[in-house]
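Here the structure is laid out as structure tokens; the discussion comes afterwards.
Being a predicted model, the structure only gives us computed values, none of them experimental. Residue numbers start at 1 and run along the sequence shown.
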Amino acid sequence: METNLRVLKVLVCEVLIKFDFLYLGELMKNVLFIIVFLSLKISAQDHLSVISGCDDLSLTIESNARNTLSFISQDNYHSELKDSIERPKKILLKEDKILYEEFQNLFPDQISTHCIRGKQYGRGQTEEISYCSNRQKIILIGKEESFYIFKLDAFEIDSYILFNTLDKTIYFTDNYPMIYDHGKIVFDIGYSYGGSNIINYYKFYKSEKTEYFELTIPHRYTIKHYSFIQHPTIHLVTELEKLSTSEKSSERNNGCRKLLMIN
């Protein structure tokens with residue numbers, strides 16, 4: 001009987017020891033996982049040039065083209081800026097009546113002071129549009145490359161219309177269009193109707209194919225700065241910033257920022 005009790009005690013001790021080692025092993029696994037997780041998180045933050053507080057950043061993208069978006073380091077950002085090119089100069093927002101007469105002679109019944117008719121391109125598709133409204137006013141302000149540029153004021157919307165003479169198609173932008181590469185690419189960067197910040201572009205080819213790219217940034221963030229880079233083709237680097245909502249003056253600019261490259 002005594003021998004059986006000793007055997008039982010030994011078995012119980014072995015079970016307890018095994019349990020302790022199993023528990024310790026699981027505990028060490030968890031500790032190791034936490035250490036690795038923190039290490040990865042810190043490394044990722046260093047790589048993405050993130051100042052704390054950017055966890056809620058989400059980018060919405062719609063496109064029919066292949067693009068590469070990457071968060072870059074501070075050093076890479078400044079290195080890219082060395083190859084930046086000058087932005088196109090903005091045309092004075094004044095009606096050009098002589099150019100308007102030229103357009104009406106070449107493309108009658110397409111775009112007038114209160115009416116828009118013709119092919120419209122949007123999000124990969126072309127469709128016929130035709131509407132008029134006395135609540136909108138359209139003026140022709142200039143021409144760049146193959147585009148007539150119109151200013152549209154309507155329903156508290158301040159936007160622009162491009163008429164491409166090559167494909168006889170109408171394109172809309174929320175901001176003044178920046179035309180590069182001899183009319184092969186048009187950028188639309190800034191505020192969008194509704195308050196969000198956007199980075200959009202149209203890219204044109206000799207064929208009828210047109211690429212579009214639409215990037216929407218949350219309301220809490222703003223485009224602090226952006227530059228166009230020519231190396232070898234045109235791409236864009238931008239600094240996105242989220243300002244702190246704190247009322248303390250010492251914390252107002254202690255938000256976060258991310259450096260983004262799109263090509």
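- Among all heavy-atom pairs drawn from Ser63 and Ala65, the shortest one is OG-N, 3.0 Å.
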Quick one: do Glu128 and Lys119 satisfy side chain to side chain contact (heavy atoms under 4.5 Å, CB included)? Show the steps, please.
CA-CA 5 Å; Glu128 293 289 334; Lys119 292 188 301 180; 3.2 Å; yes
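- Side-chain contact, Asp188 with Tyr212: no donor N or O sits under 3.5 Å from an acceptor N or O.
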Take Asn67 and Tyr201, measure what side chain to side chain donor-acceptor pair (under 3.5 Å) needs, and give me the verdict at the end.
CA-CA 12 Å; Asn67 299 277; Tyr201 73 70; 2.6 Å; yes
How far apart are the C-alpha atoms of Gln230 and Tyr180, what are their side-chain angles, what is the distance that settles it, and do they pass the side chain to side chain donor-acceptor pair (under 3.5 Å) test?
CA-CA 10 Å; Gln230 182 84 55; Tyr180 279 99; over 6 Å; no
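- A chain of hydrophobic side-chain contacts below 4.5 Å, direct or via other Ile, Leu, Val, Met, Phe, Trp or Tyr residues, connects Leu215 to Ile189.
- To the nearest 0.5 Å, the span separating CG on Leu236 from CZ on Phe213 amounts to 9.0 Å.
- Less than 6.0 angstrom separates the ring centroid of Phe228 from the ring centroid of Tyr226.
- Note on Leu259: it clusters hydrophobically with Met261, by side-chain heavy-atom contacts below 4.5 Å among ILVMFWY residues.
- When atom types are taken as modelled, the side chain of His219 and the backbone of Gly194 share a donor-acceptor pair closer than 3.5 angstrom.
- A heavy-atom distance below 4.5 Å is not found between the side chains of Phe147 and Thr165.
- Between Val237 and Ile262 the shortest side-chain heavy-atom distance does not fall below 4.5 Å.
- The hydrophobic cluster containing Ile170 also contains Leu106, counting ILVMFWY residues as joined when their side-chain heavy atoms lie under 4.5 angstrom apart, directly or transitively.
- The minimum heavy-atom distance between His225 and Thr238, with the atom names listed, is O-OG1, 2.9 Å.
- Ring centroid separation for the pair Tyr160 and Phe150 does not come in under the 6.0 Å cut-off.
- Once rounded to the nearest 0.5 Å, the distance linking CD of Gln125 with CG of Asn64 reads 10.0 Å.
- Checked by atom type and distance alone, the side chain of Thr169 pairs as donor or acceptor with a backbone atom of Asp167 at under 3.5 Å.
- Scanning both residues, Tyr221 and Cys54, for their nearest heavy atoms gives OH-CA, 3.5 Å.
- Panel note: side chain Gln104, backbone Gln110; no donor-acceptor pair is recorded below 3.5 Å.
- Remark: Lys184 fails to qualify as a cation-pi partner of Phe204 under the 6.0 Å distance and 45° angle criteria applied to the six-membered ring.
- Phe187 has its ring centre no less than 6.0 Å from the ring centre of Tyr202.
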Apply side chain to side chain donor-acceptor pair (under 3.5 Å) to the pair Ser159 and Asp174, showing each step before the final yes or no.
CA-CA 5 Å; Ser159 58; Asp174 289 312; 5.4 Å; no
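- By the 4.5 Å heavy-atom criterion applied to side chains, Leu57 and Pro218 are counted as neighbours.
- Linking ILVMFWY side-chain heavy atoms closer than 4.5 Å, directly or via other members, places Ile199 and Ile234 in a single hydrophobic cluster.
- Within a 6.0 Å radius of OH in Tyr191, no more than 12 heavy atoms belonging to other residues, nucleotides or ligands are found.
- Each of Ile161 and Leu93 belongs to its own hydrophobic cluster when Ile, Leu, Val, Met, Phe, Trp and Tyr are linked at side-chain heavy-atom distances under 4.5 angstrom.
- Within the 6.0 Å centre-distance limit, the rings of Phe103 and Phe163 are counted as a close aromatic pair.
- Residue Leu162 comes nearest to Pro177 through the heavy atom pair CD2-CG, 3.7 Å, listed as atom of the first residue, atom of the second, then distance.
- Thr222 contributes no side-chain N or O that, together with a main-chain N or O of Lys224, makes up a donor-acceptor pair within less than 3.5 Å.
- Put simply, the side chain of Ser227 does not reach to within 4.5 Å of the side chain of Glu80, judged on heavy atoms.
- Between the OG atom of Ser84 and the CD1 atom of Ile229 there is a distance of 5.0 Å, given to the nearest 0.5 Å.
- Going from atom CD of Gln74 over to atom CD of Glu239 covers 7.5 Å, rounded to the nearest 0.5 Å.
- With no hydrogens or angles considered, no side-chain donor-acceptor pair links Tyr131 and His114 at under 3.5 Å.
- Considering only heavy atoms from C-beta on, Asp153 stays 4.5 Å or farther from Gln136 through its side chain.
- Side-chain atoms of Glu241 and Ile223, non-hydrogen and from C-beta on, never get closer than 4.5 Å to each other.
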Can you check side chain to side chain donor-acceptor pair (under 3.5 Å) on Asn105 and Tyr100, steps first, answer last?
CA-CA 9 Å; Asn105 289 330; Tyr100 181 78; over 6 Å; no
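- Ion pairing between Glu214 and Arg123 holds under the 4.0 Å rule for side-chain N and carboxylate O.
- A donor-acceptor contact shorter than 3.5 Å is absent between the side chain of Thr173 and the backbone of Tyr176.
- Using a 4.5 Å cut-off on side-chain heavy atoms (C-beta onward), Lys143 and Glu102 make contact.
- Looking at Ser70, its side chain never comes within 3.5 Å of a backbone N or O of Ile72 through a donor-acceptor pair.
- Side chains of Glu211 and Tyr205: a donor-acceptor N/O pair is present below 3.5 angstrom, by distance only.
- Listed here is the closest heavy atom pair of Ile179 and Pro88: O-CG, 3.8 Å.
- Proximity of a side-chain donor or acceptor of Tyr121 to a complementary backbone N or O of Thr210 within less than 3.5 Å is detected.
- Proximity of Thr113 to Ile139: side-chain heavy atoms (C-beta onward) are nowhere separated by under 4.5 Å.
- The distance from atom CG of Leu166 to atom CD of Glu145, rounded to the nearest 0.5 Å, is 9.5 Å.
- Between the side chain of Asp181 and the backbone N or O of Gly183, no donor-acceptor pair lies under 3.5 Å.
- Atom CD1 of residue Ile198 and atom OG1 of residue Thr216 lie 7.0 Å apart, to the nearest 0.5 angstrom.
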